[in-house]
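Along the sequence shown, the residues carry numbers beginning at 1.
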Amino acid sequence: MTQVTAQQPLAGIKVVEFSTMITASLATMMFAQQGADVIKVEPPGIGDPMRWLGTQKAGISGLFNNCNRAKRSITLDLKTAEDVATARELCMQADVVIHNYRPGVMERLGLSSEQLRAARPELIYCAITGFGHEGPLAGRPAYDHVMQAMSGFMTLQGHPEDFAYVKTLICDKLTAYTAAQAVTAALFARERMGGVGQHIDLSMLESCIAFLWPDAGMHLTLLGDEVTHGAPFADYYQLPMRSTDGAIAYAAMTDAHWDAVFDLVGRSDLKTEEKYKGMANRSIHMGELAAIIASQKPEMTSNEMVDGLAKHDVPAAPCLALEDLPDHQHIIAIGTFEAQDHPILGKIQNVSAPARFGGIKLPACGPSPALGQHSEAILVELAQTANP
(Lines give C-alpha, C1' and ligand atoms only; values in the text may rest on other atoms or scores of the structure.)
Protein backbone atom coordinates (compact mmCIF):
# COMPACT_ATOMS: atom_id res chain seq x y z
CA MET A 1 0.00 0.00 0.00
CA THR A 2 1.29 3.44 -0.95
CA GLN A 3 2.18 5.57 2.07
CA VAL A 4 -0.46 8.11 3.06
CA THR A 5 0.97 11.61 3.51
CA ALA A 6 -0.56 15.04 4.06
CA GLN A 7 -0.12 15.78 0.36
CA GLN A 8 -1.37 12.33 -0.76
CA PRO A 9 -4.30 11.70 1.59
CA LEU A 10 -5.98 9.16 -0.73
CA ALA A 11 -2.92 6.99 -1.27
CA GLY A 12 -3.87 3.32 -1.21
CA ILE A 13 -7.44 3.98 -2.39
CA LYS A 14 -8.37 2.24 -5.66
CA VAL A 15 -11.05 3.82 -7.87
CA VAL A 16 -12.69 2.26 -10.94
CA GLU A 17 -14.32 4.77 -13.28
CA PHE A 18 -16.92 3.96 -15.94
CA SER A 19 -17.69 7.22 -17.66
CA THR A 20 -17.67 9.47 -20.65
CA MET A 21 -17.15 13.22 -20.65
CA ILE A 22 -16.66 15.39 -17.59
CA THR A 23 -18.65 14.64 -14.45
CA ALA A 24 -17.07 11.42 -13.21
CA SER A 25 -13.76 12.02 -15.02
CA LEU A 26 -12.98 15.31 -13.30
CA ALA A 27 -14.04 13.97 -9.91
CA THR A 28 -11.74 10.98 -10.18
CA MET A 29 -8.85 13.10 -11.43
CA MET A 30 -9.06 14.98 -8.15
CA PHE A 31 -8.76 11.62 -6.37
CA ALA A 32 -5.73 10.77 -8.52
CA GLN A 33 -4.11 14.12 -7.69
CA GLN A 34 -4.53 13.23 -4.03
CA GLY A 35 -2.85 9.85 -4.40
CA ALA A 36 -5.59 7.38 -5.39
CA ASP A 37 -5.02 4.72 -8.06
CA VAL A 38 -7.71 5.50 -10.65
CA ILE A 39 -8.46 2.96 -13.39
CA LYS A 40 -10.50 4.41 -16.24
CA VAL A 41 -12.50 1.81 -18.15
CA GLU A 42 -12.93 2.82 -21.80
CA PRO A 43 -14.56 1.08 -24.75
CA PRO A 44 -12.29 -0.06 -27.58
CA GLY A 45 -12.19 2.08 -30.70
CA ILE A 46 -12.51 5.75 -29.82
CA GLY A 47 -12.61 5.33 -26.05
CA ASP A 48 -14.06 8.25 -24.11
CA PRO A 49 -15.40 10.65 -26.80
CA MET A 50 -13.83 13.48 -24.81
CA ARG A 51 -10.50 12.38 -26.32
CA TRP A 52 -11.58 13.86 -29.66
CA LEU A 53 -13.17 17.17 -28.64
CA GLY A 54 -11.28 20.34 -29.48
CA THR A 55 -7.54 20.75 -29.70
CA GLN A 56 -5.92 17.30 -29.77
CA LYS A 57 -2.85 15.27 -30.57
CA ALA A 58 -2.42 11.49 -30.90
CA GLY A 59 -5.85 10.69 -29.46
CA ILE A 60 -5.57 12.98 -26.45
CA SER A 61 -7.38 16.32 -26.47
CA GLY A 62 -6.60 19.19 -24.17
CA LEU A 63 -9.99 18.63 -22.54
CA PHE A 64 -9.31 14.93 -21.98
CA ASN A 65 -5.87 15.69 -20.53
CA ASN A 66 -7.32 18.25 -18.15
CA CYS A 67 -9.83 15.74 -16.74
CA ASN A 68 -7.80 12.52 -16.78
CA ARG A 69 -4.28 13.14 -15.54
CA ALA A 70 -2.59 10.52 -13.38
CA LYS A 71 -5.05 7.76 -14.31
CA ARG A 72 -4.55 4.35 -15.86
CA SER A 73 -6.64 3.36 -18.89
CA ILE A 74 -7.93 -0.11 -19.70
CA THR A 75 -10.09 -0.91 -22.73
CA LEU A 76 -12.97 -3.31 -22.11
CA ASP A 77 -15.81 -4.20 -24.45
CA LEU A 78 -18.75 -4.36 -22.06
CA LYS A 79 -20.84 -5.99 -24.78
CA THR A 80 -18.90 -9.21 -24.21
CA ALA A 81 -19.31 -11.49 -21.20
CA GLU A 82 -15.56 -11.92 -20.82
CA ASP A 83 -14.85 -8.21 -20.50
CA VAL A 84 -17.83 -7.67 -18.19
CA ALA A 85 -16.34 -10.37 -15.96
CA THR A 86 -13.02 -8.49 -15.99
CA ALA A 87 -14.79 -5.26 -15.11
CA ARG A 88 -16.54 -6.99 -12.22
CA GLU A 89 -13.22 -8.31 -10.92
CA LEU A 90 -11.78 -4.79 -11.05
CA CYS A 91 -14.73 -3.59 -8.99
CA MET A 92 -14.22 -6.41 -6.48
CA GLN A 93 -10.76 -5.01 -5.75
CA ALA A 94 -11.83 -1.36 -5.65
CA ASP A 95 -12.65 1.00 -2.82
CA VAL A 96 -14.76 3.24 -5.07
CA VAL A 97 -16.76 2.61 -8.24
CA ILE A 98 -18.11 5.67 -10.02
CA HIS A 99 -20.07 5.99 -13.26
CA ASN A 100 -22.22 8.48 -15.16
CA TYR A 101 -24.32 6.11 -17.24
CA ARG A 102 -28.07 6.43 -17.60
CA PRO A 103 -30.31 4.56 -15.13
CA GLY A 104 -30.48 0.84 -15.89
CA VAL A 105 -27.22 0.50 -17.85
CA MET A 106 -25.07 -0.85 -15.03
CA GLU A 107 -27.91 -3.10 -13.85
CA ARG A 108 -28.10 -4.73 -17.30
CA LEU A 109 -24.35 -5.34 -17.17
CA GLY A 110 -24.53 -6.94 -13.74
CA LEU A 111 -22.46 -4.07 -12.32
CA SER A 112 -25.10 -2.27 -10.28
CA SER A 113 -24.52 -1.06 -6.76
CA GLU A 114 -26.65 -3.83 -5.27
CA GLN A 115 -24.95 -6.54 -7.33
CA LEU A 116 -21.42 -5.42 -6.50
CA ARG A 117 -21.95 -4.42 -2.89
CA ALA A 118 -23.63 -7.75 -2.12
CA ALA A 119 -20.24 -9.33 -2.73
CA ARG A 120 -18.13 -6.40 -1.51
CA PRO A 121 -20.00 -4.50 1.24
CA GLU A 122 -17.09 -2.12 1.87
CA LEU A 123 -17.44 -0.66 -1.64
CA ILE A 124 -18.37 3.02 -2.13
CA TYR A 125 -20.55 3.17 -5.26
CA CYS A 126 -21.38 6.56 -6.81
CA ALA A 127 -23.95 6.75 -9.62
CA ILE A 128 -24.08 10.10 -11.42
CA THR A 129 -27.11 10.73 -13.62
CA GLY A 130 -28.55 13.74 -15.38
CA PHE A 131 -32.05 13.84 -13.91
CA GLY A 132 -31.84 11.24 -11.14
CA HIS A 133 -33.45 7.79 -10.87
CA GLU A 134 -37.02 8.95 -10.25
CA GLY A 135 -39.50 11.22 -11.97
CA PRO A 136 -40.69 11.54 -15.57
CA LEU A 137 -37.31 12.68 -16.93
CA ALA A 138 -35.20 9.99 -15.23
CA GLY A 139 -34.18 8.12 -18.37
CA ARG A 140 -33.40 11.09 -20.58
CA PRO A 141 -29.87 12.01 -21.72
CA ALA A 142 -28.31 15.12 -20.20
CA TYR A 143 -25.45 17.35 -21.19
CA ASP A 144 -24.23 20.66 -19.82
CA HIS A 145 -26.32 22.81 -22.19
CA VAL A 146 -29.50 21.00 -21.16
CA MET A 147 -28.74 21.32 -17.47
CA GLN A 148 -28.00 25.03 -17.77
CA ALA A 149 -31.49 25.46 -19.18
CA MET A 150 -33.30 23.18 -16.73
CA SER A 151 -31.64 24.43 -13.53
CA GLY A 152 -32.03 28.17 -14.11
CA PHE A 153 -28.48 29.08 -15.11
CA MET A 154 -29.55 30.55 -18.44
CA THR A 155 -32.04 33.02 -17.00
CA LEU A 156 -29.40 34.37 -14.61
CA GLN A 157 -27.17 35.53 -17.47
CA GLY A 158 -29.69 38.21 -18.47
CA HIS A 159 -33.32 39.09 -18.08
CA PRO A 160 -35.78 36.18 -17.98
CA GLU A 161 -36.63 36.73 -21.65
CA ASP A 162 -32.95 36.98 -22.66
CA PHE A 163 -31.61 33.46 -22.11
CA ALA A 164 -27.85 32.91 -22.44
CA TYR A 165 -25.39 30.11 -21.67
CA VAL A 166 -22.53 30.31 -19.24
CA LYS A 167 -19.89 29.55 -21.83
CA THR A 168 -18.12 26.82 -19.94
CA LEU A 169 -19.09 23.30 -18.86
CA ILE A 170 -20.18 24.64 -15.51
CA CYS A 171 -22.88 22.06 -14.76
CA ASP A 172 -20.55 19.17 -15.57
CA LYS A 173 -17.76 20.59 -13.45
CA LEU A 174 -19.79 21.53 -10.39
CA THR A 175 -21.35 18.05 -10.46
CA ALA A 176 -17.82 16.63 -10.48
CA TYR A 177 -16.89 18.67 -7.40
CA THR A 178 -20.10 17.58 -5.69
CA ALA A 179 -19.30 13.94 -6.46
CA ALA A 180 -15.74 14.30 -5.18
CA GLN A 181 -16.95 15.72 -1.88
CA ALA A 182 -19.64 13.05 -1.48
CA VAL A 183 -17.30 10.15 -2.20
CA THR A 184 -14.63 11.50 0.14
CA ALA A 185 -17.26 11.89 2.88
CA ALA A 186 -18.37 8.29 2.28
CA LEU A 187 -14.78 7.07 2.57
CA PHE A 188 -14.46 8.95 5.86
CA ALA A 189 -17.72 7.43 7.10
CA ARG A 190 -16.46 3.97 6.14
CA GLU A 191 -13.45 4.46 8.38
CA ARG A 192 -15.72 5.38 11.29
CA MET A 193 -18.31 2.66 10.68
CA GLY A 194 -16.03 -0.35 10.68
CA GLY A 195 -15.49 -0.64 6.93
CA VAL A 196 -19.11 -0.43 5.76
CA GLY A 197 -19.48 1.12 2.31
CA GLN A 198 -22.54 2.73 0.80
CA HIS A 199 -24.37 3.77 -2.34
CA ILE A 200 -24.43 7.41 -3.50
CA ASP A 201 -26.97 8.72 -5.98
CA LEU A 202 -26.10 12.09 -7.48
CA SER A 203 -27.93 13.94 -10.24
CA MET A 204 -26.62 16.84 -12.27
CA LEU A 205 -29.95 18.62 -11.92
CA GLU A 206 -29.99 18.57 -8.11
CA SER A 207 -26.28 19.45 -7.97
CA CYS A 208 -26.90 22.51 -10.16
CA ILE A 209 -29.94 23.71 -8.22
CA ALA A 210 -28.14 23.26 -4.89
CA PHE A 211 -25.15 25.16 -6.29
CA LEU A 212 -27.27 28.07 -7.50
CA TRP A 213 -29.67 28.37 -4.58
CA PRO A 214 -27.61 30.04 -1.79
CA ASP A 215 -27.41 33.34 -3.68
CA ALA A 216 -29.48 32.99 -6.86
CA GLY A 217 -32.41 31.69 -4.82
CA MET A 218 -32.03 33.93 -1.81
CA HIS A 219 -35.04 36.06 -2.83
CA LEU A 220 -37.14 32.87 -3.09
CA THR A 221 -36.13 31.39 0.26
CA LEU A 222 -38.18 33.41 2.74
CA LEU A 223 -41.88 32.62 2.40
CA GLY A 224 -45.06 34.11 3.81
CA ASP A 225 -46.07 37.65 4.76
CA GLU A 226 -43.94 40.42 6.27
CA VAL A 227 -40.95 39.68 4.04
CA THR A 228 -39.00 42.71 2.83
CA HIS A 229 -37.92 41.84 -0.68
CA GLY A 230 -34.53 42.98 -1.96
CA ALA A 231 -32.97 42.60 -5.36
CA PRO A 232 -31.88 39.09 -6.33
CA PHE A 233 -28.14 38.63 -6.16
CA ALA A 234 -28.00 38.45 -9.95
CA ASP A 235 -28.60 42.22 -9.97
CA TYR A 236 -25.21 42.71 -8.36
CA TYR A 237 -23.64 41.33 -11.55
CA GLN A 238 -23.97 44.19 -14.00
CA LEU A 239 -21.50 45.20 -16.70
CA PRO A 240 -17.97 45.81 -15.40
CA MET A 241 -16.53 49.30 -15.24
CA ARG A 242 -14.83 50.25 -18.49
CA SER A 243 -11.30 51.58 -18.48
CA THR A 244 -9.20 53.10 -21.25
CA ASP A 245 -7.56 49.73 -21.92
CA GLY A 246 -10.25 47.23 -20.93
CA ALA A 247 -12.46 46.83 -17.89
CA ILE A 248 -12.41 45.96 -14.20
CA ALA A 249 -14.73 44.10 -11.86
CA TYR A 250 -15.38 45.39 -8.35
CA ALA A 251 -17.31 44.16 -5.30
CA ALA A 252 -18.36 47.08 -3.09
CA MET A 253 -20.18 46.06 0.08
CA THR A 254 -19.78 48.73 2.78
CA ASP A 255 -20.64 52.42 2.76
CA ALA A 256 -16.93 53.23 2.58
CA HIS A 257 -16.53 50.95 -0.42
CA TRP A 258 -19.36 52.64 -2.29
CA ASP A 259 -18.05 56.12 -1.46
CA ALA A 260 -14.73 55.12 -3.02
CA VAL A 261 -16.49 53.82 -6.13
CA PHE A 262 -18.58 56.99 -6.45
CA ASP A 263 -15.44 59.13 -6.19
CA LEU A 264 -13.55 57.00 -8.69
CA VAL A 265 -16.17 57.35 -11.42
CA GLY A 266 -16.78 61.03 -10.72
CA ARG A 267 -20.23 60.60 -9.21
CA SER A 268 -19.71 61.83 -5.67
CA ASP A 269 -23.24 63.24 -5.87
CA LEU A 270 -24.56 59.68 -5.41
CA LYS A 271 -23.32 59.70 -1.81
CA THR A 272 -26.24 61.91 -0.83
CA GLU A 273 -28.92 59.86 -2.61
CA GLU A 274 -31.04 58.40 0.17
CA LYS A 275 -31.90 55.23 -1.75
CA TYR A 276 -28.19 54.39 -2.09
CA LYS A 277 -27.36 54.91 1.59
CA GLY A 278 -26.86 51.78 3.68
CA MET A 279 -26.79 48.15 2.68
CA ALA A 280 -30.56 47.63 3.03
CA ASN A 281 -31.43 50.51 0.66
CA ARG A 282 -28.75 49.57 -1.84
CA SER A 283 -29.98 46.00 -1.85
CA ILE A 284 -33.43 47.14 -2.97
CA HIS A 285 -32.03 49.42 -5.71
CA MET A 286 -28.90 47.46 -6.61
CA GLY A 287 -29.87 46.87 -10.23
CA GLU A 288 -30.19 50.55 -11.10
CA LEU A 289 -27.15 51.55 -9.01
CA ALA A 290 -24.89 49.01 -10.68
CA ALA A 291 -26.15 50.12 -14.10
CA ILE A 292 -25.31 53.77 -13.28
CA ILE A 293 -21.76 52.83 -12.29
CA ALA A 294 -21.30 50.69 -15.41
CA SER A 295 -22.33 53.63 -17.61
CA GLN A 296 -19.47 55.80 -16.35
CA LYS A 297 -16.16 55.78 -18.24
CA PRO A 298 -13.30 57.20 -16.17
CA GLU A 299 -10.22 58.21 -18.16
CA MET A 300 -8.01 55.68 -16.38
CA THR A 301 -6.35 52.39 -17.19
CA SER A 302 -7.51 49.18 -15.56
CA ASN A 303 -4.49 49.11 -13.27
CA GLU A 304 -5.06 52.73 -12.22
CA MET A 305 -8.68 51.99 -11.39
CA VAL A 306 -7.83 48.84 -9.43
CA ASP A 307 -5.05 50.62 -7.54
CA GLY A 308 -7.37 53.53 -6.76
CA LEU A 309 -9.97 51.21 -5.26
CA ALA A 310 -7.33 49.15 -3.43
CA LYS A 311 -6.38 52.28 -1.44
CA HIS A 312 -9.84 52.05 0.12
CA ASP A 313 -9.75 48.26 0.46
CA VAL A 314 -12.41 47.75 -2.25
CA PRO A 315 -12.06 44.29 -3.85
CA ALA A 316 -11.34 44.80 -7.56
CA ALA A 317 -9.44 43.17 -10.39
CA PRO A 318 -8.86 43.71 -14.12
CA CYS A 319 -10.85 41.56 -16.55
CA LEU A 320 -8.21 39.16 -17.86
CA ALA A 321 -8.32 36.80 -20.80
CA LEU A 322 -7.36 33.17 -20.18
CA GLU A 323 -4.33 33.75 -22.39
CA ASP A 324 -3.13 36.43 -19.96
CA LEU A 325 -3.18 34.21 -16.87
CA PRO A 326 0.12 32.29 -17.19
CA ASP A 327 2.08 35.57 -17.41
CA HIS A 328 0.33 37.45 -14.61
CA GLN A 329 2.78 38.18 -11.80
CA HIS A 330 0.46 37.08 -8.99
CA ILE A 331 -0.53 33.84 -10.70
CA ILE A 332 3.14 33.10 -11.30
CA ALA A 333 3.86 33.80 -7.62
CA ILE A 334 1.25 31.33 -6.34
CA GLY A 335 2.34 28.59 -8.77
CA THR A 336 -1.01 27.98 -10.46
CA PHE A 337 0.44 26.55 -13.65
CA GLU A 338 2.89 23.66 -13.94
CA ALA A 339 4.76 22.53 -17.01
CA GLN A 340 4.91 18.85 -17.92
CA ASP A 341 6.79 16.81 -20.50
CA HIS A 342 4.04 14.42 -21.56
CA PRO A 343 5.33 11.15 -23.09
CA ILE A 344 2.85 11.50 -25.99
CA LEU A 345 1.90 15.17 -26.16
CA GLY A 346 5.31 16.68 -25.48
CA LYS A 347 5.39 19.95 -23.56
CA ILE A 348 2.02 20.86 -22.01
CA GLN A 349 0.73 23.35 -19.47
CA ASN A 350 -1.38 22.02 -16.61
CA VAL A 351 -3.15 23.72 -13.73
CA SER A 352 -2.00 22.49 -10.35
CA ALA A 353 -4.42 21.26 -7.68
CA PRO A 354 -5.85 24.27 -5.82
CA ALA A 355 -5.96 22.71 -2.32
CA ARG A 356 -2.74 22.93 -0.33
CA PHE A 357 -2.59 20.17 2.25
CA GLY A 358 -0.36 21.17 5.12
CA GLY A 359 0.02 24.49 3.33
CA ILE A 360 2.05 22.77 0.59
CA LYS A 361 1.15 22.37 -3.07
CA LEU A 362 0.33 18.83 -4.12
CA PRO A 363 3.07 17.21 -6.19
CA ALA A 364 2.61 17.33 -9.94
CA CYS A 365 0.55 14.29 -10.91
CA GLY A 366 1.19 11.83 -13.71
CA PRO A 367 0.23 12.24 -17.36
CA SER A 368 -3.12 11.54 -18.98
CA PRO A 369 -3.15 8.03 -20.53
CA ALA A 370 -3.39 6.86 -24.09
CA LEU A 371 -6.44 4.71 -24.83
CA GLY A 372 -5.89 1.30 -23.21
CA GLN A 373 -2.32 2.20 -22.32
CA HIS A 374 -2.36 0.17 -19.10
CA SER A 375 -4.62 -2.70 -20.13
CA GLU A 376 -1.94 -5.36 -20.05
CA ALA A 377 -0.46 -4.26 -16.73
CA ILE A 378 -3.89 -4.08 -15.08
CA LEU A 379 -4.84 -7.55 -16.35
CA VAL A 380 -1.54 -8.93 -14.97
CA GLU A 381 -2.34 -7.38 -11.58
CA LEU A 382 -5.78 -8.96 -11.60
CA ALA A 383 -4.33 -12.38 -12.41
CA GLN A 384 -1.72 -12.06 -9.65
CA THR A 385 -4.39 -11.10 -7.12
CA ALA A 386 -6.59 -14.01 -8.16
CA ASN A 387 -3.64 -16.43 -7.96
CA PRO A 388 -1.28 -15.07 -5.31
Spell out, as yes or no, whether a donor-acceptor pair under 3.5 Å connects the side chain of [X] to the backbone of [Y].
X      : Y      : answer
Gln373 : Pro369 : no
Thr221 : Gly217 : yes
His99  : Met106 : no
Ser375 : Thr75  : yes
Ser73  : Gly372 : yes
Arg190 : Glu122 : yes
Arg69  : Gly366 : no
Asp324 : Leu320 : no
Gln384 : Glu381 : no
Asn68  : Phe64  : yes

Item checked: Derivation and outcome, side-chain contact (heavy atoms from CB on, under 4.5 Å), residues Cys208 and Leu174 -> CA-CA 7 Å; Cys208 292; Leu174 69 89; 4.1 Å; yes
Taking everything shown except [X] itself, do over 12 heavy atoms lie less than 6.0 Å from its [atom1]?
X      : atom1 : answer
Asp313 : CG    : no
His133 : NE2   : yes
Glu206 : CD    : no

Notebook entry, point to check: Taking C-beta and beyond as the side chain, do Gln33 and Val38 meet within less than 4.5 Å on heavy atoms?
Noted result: no
Check: Do the side chains of Leu63 and Arg51 get nearer than 4.5 Å, heavy atoms only?
Finding: no
Rounded to the nearest 0.5 Å, how far apart are [atom1] of [X] and [atom2] of [Y]?
X      : Y      : atom1 : atom2 : value
Lys14  : Phe31  : NZ    : CZ    : 16.0 Å
Leu212 : Cys171 : CG    : SG    : 7.5 Å
Met193 : Phe188 : CE    : CZ    : 11.0 Å
Gln296 : Leu270 : CD    : CG    : 7.5 Å
Ile334 : Lys361 : CD1   : NZ    : 6.5 Å

Check: Any ion pair linking Lys277 and Asp255 (charged N to carboxylate O, less than 4.0 Å)?
Finding: no
Margin query: With a 4.0 Å cut-off on N to O distance, would you call Asp269 and Arg267 a salt bridge?
Written below: yes
Side chains of [X] and [Y], donor plus acceptor under 3.5 Å:
X      : Y      : result
Gln8   : Thr5   : no
Ser302 : Asp245 : yes
Glu338 : Asn350 : no

Margin query: Just checking Tyr250 against His257, ring centres under 6.0 Å apart?
Written below: no
Next item on the list: Check the pair Leu123 / Gln198 against side-chain contact (heavy atoms from CB on, under 4.5 Å), numbers first and verdict last.
Entry: CA-CA 7 Å; Leu123 182 66; Gln198 62 177 289; over 6 Å; no
Checklist line | Stepwise salt bridge (Lys or Arg N to Asp or Glu O under 4.0 Å) test for Asp263 and Lys271 | finding: CA-CA 9 Å; Asp263 289 338; Lys271 295 179 184 179; 2.9 Å; yes
Next item on the list: Check each of Ile39, Leu78, Asn100 against Phe18 using the side chain to side chain contact (heavy atoms under 4.5 Å, CB included) test, and report the only one that passes.
Entry: Leu78
Next item on the list: Check each of Met21, Gln148, Met204 against Tyr143 using the side chain to side chain contact (heavy atoms under 4.5 Å, CB included) test, and report the only one that passes.
Entry: Met21
Margin query: Pair Asp37, Arg72 - check salt bridge (Lys or Arg N to Asp or Glu O under 4.0 Å), show working.
Written below: CA-CA 8 Å; Asp37 176 18; Arg72 297 195 289 167; 2.9 Å; yes
Notebook entry, point to check: Given Lys71 and Ser25, is the side-chain contact (heavy atoms from CB on, under 4.5 Å) satisfied, shown in steps?
Noted result: CA-CA 10 Å; Lys71 299 180 187 179; Ser25 296; 3.8 Å; yes
Next item on the list: Just say parallel, tilted or perpendicular for the rings of Trp258 and Phe262, cut-offs at 30° and 60°.
Entry: tilted
Next item on the list: Tell me, with the steps shown, if Ser243 and Lys297 meet side-chain contact (heavy atoms from CB on, under 4.5 Å).
Entry: CA-CA 6 Å; Ser243 65; Lys297 293 181 173 59; over 6 Å; no
Notebook entry, point to check: Has Arg282 got its NZ or CZ under 6.0 Å from the middle of the six-membered ring of Tyr276, at an angle within 45 degrees of the ring axis?
Noted result: no
